[in-house]
Amino acid sequence: MFKVIQRSMGPASLSLLTFKVYAAPKKDSPPKNSVKVDELSLYSVPEGQSKYVEEARSQLEESISQLRHYCEPYTTWCQETYSQTKPKMQSLVQWGLDSYDYLQNAPPGFFPRLGVIGFAGLIGLLLARGSKIKKLVYPPGFMGLAASLYYPQQAIVFAQVSGERLYDWGLRGYIVIEDLWKENFQKPGNVKNSPGTK
């Protein structure tokens, strides 16, 4: 039994060894020409002359095309108007949501103050009967006066900003009137001779 194990161990241990074998081409063999895929008969494609021909438009397609060309200026105008008004509408919606949230969680005493300001506007409207100018001036004036009693800091800021705007508008109006005066009344032909000249 020991001899059987020795004899089987020898070939088994040789089978664990690895050898590298390199193959070299024969020098006498002629080089083989490679065949392209197109040259195989299996992949041959018959050559044919193909030409794209566009189908003639039907009457319905012509009508739709004319309608699209007719409506194109209006659709572009609508798209431009939408792109211009979309940010304004989004800001308006956001302002409405913010106002709604503020009114839902209003600070204490807000609604009585709002009532007094609204009542002051109604008094201004009652006192302005008979004159359209008074109707434009009295209600906002009374409401502004009542609001300034409750919110003095905001009233001061508003008065400063509106005062600056009124000053700018007055200055612009003065410049326009001065330019009109110079153009119409101080032309060289309109200047009269002074009493000492002949």
Side-chain angles (χ1 to χ4, degrees), residues 45 47-107 110-148 150-151 153-187 189-190:
V45 178
E47 292 185 11
Q49 302 256 340
S50 61
K51 186 177 179 183
Y52 175 73
V53 178
E54 188 173 347
E55 292 184 22
R57 287 184 174 183
S58 65
Q59 184 65 31
L60 178 64
E61 290 175 337
E62 285 290 333
S63 302
I64 291 173
S65 175
Q66 290 175 359
L67 181 66
R68 287 179 65 187
H69 285 299
Y70 178 73
C71 294
E72 188 175 1
Y74 302 108
T75 55
T76 54
W77 177 80
C78 289
Q79 288 174 350
E80 290 173 0
T81 305
Y82 175 74
S83 63
Q84 290 175 356
T85 56
K86 183 180 178 182
K88 295 176 183 176
M89 292 302 294
Q90 286 178 342
S91 63
L92 184 65
V93 168
Q94 186 62 40
W95 177 80
L97 292 174
D98 293 342
S99 300
Y100 178 75
D101 290 340
Y102 181 79
L103 291 176
Q104 289 292 326
N105 303 318
F110 174 75
F111 290 111
R113 292 176 183 176
L114 188 65
V116 170
I117 293 170
F119 185 70
L122 286 175
I123 290 175
L125 191 63
L126 291 174
L127 293 176
R129 281 188 283 170
S131 175
K132 291 183 180 180
I133 296 173
K134 287 181 181 179
K135 286 182 182 178
L136 291 175
V137 174
Y138 280 13
F142 277 81
M143 289 174 70
L145 187 64
S148 66
Y150 289 115
Y151 303 103
Q153 293 176 344
Q154 288 85 351
I156 291 170
V157 172
F158 179 76
Q160 288 175 346
V161 171
S162 59
E164 290 174 1
R165 287 183 182 172
L166 285 174
Y167 177 74
D168 289 341
W169 290 344
L171 189 61
R172 288 179 189 170
Y174 175 75
I175 291 171
V176 169
I177 291 171
E178 185 180 22
D179 290 342
L180 288 173
W181 179 266
K182 286 180 181 178
E183 287 178 6
N184 295 327
F185 297 110
Q186 292 185 354
K187 290 184 180 177
N190 290 345

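Atom set for the values below is all heavy atoms of this structure, side chains included, hydrogens, waters and symmetry mates excluded.
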Inset, instruction - For this output row, return yes or no: ring centroids of Phe158 and Tyr151 closer than 6.0 angstrom. - result: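 No, too far apart.
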With rounding to the nearest 0.5 Å, note down the distance linking [atom1] in [X] to [atom2] in [Y].
X	Y	atom1	atom2	answer
Glu72	His69	CD	NE2	7.0 Å
Leu122	Leu127	CG	CG	11.0 Å
Leu92	Leu97	CG	CG	10.0 Å
Gln59	Ile64	CD	CD1	11.0 Å
Asn105	Tyr102	CG	OH	10.5 Å
Thr75	Glu80	OG1	CD	9.5 Å

Inset, instruction - Spell out, as yes or no, whether a donor-acceptor pair under 3.5 Å connects the side chain of Ser65 to the backbone of Glu61. - result: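 No.
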Inset, instruction - Would you check if the side chain of Arg113 reaches a backbone N or O of Phe110 as a donor-acceptor pair within less than 3.5 Å? - result: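 Checking the backbone N and O of Phe110 against the side chain of Arg113, no donor-acceptor pair under 3.5 Å is found.
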Legend entry - pair Ser148-Leu145: side-chain heavy atoms closer than 4.5 Å: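 In contact.
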Legend entry - Validation row: Trp77, Pro73 side chains within 4.5 angstrom (heavy atoms):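 Side-chain contact under 4.5 Å: no.
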Return yes when atom [atom1] of [X] has more than 12 non-hydrogen atoms of other residues, nucleotides or ligands closer than 6.0 Å, and no otherwise.
X	atom1	answer
Gln153	CD	no
Ile133	CD1	no
Phe142	CZ	yes

Inset, instruction - Would you check if there is a donor-acceptor pair between the side chains of Tyr70 and Gln66 at a distance under 3.5 Å? - result: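 No, no side-chain donor-acceptor pair sits under 3.5 Å.
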Legend entry - Distance-minimising heavy-atom pair for Phe111 and Leu103: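 Smallest interatomic distance, heavy atoms only, reads CZ-O, 3.7 Å.
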Legend entry - Where Gly121 and Pro139 come nearest, the two heavy atoms and their spacing: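 Reported closest heavy-atom pair: O-CB, 3.7 Å.
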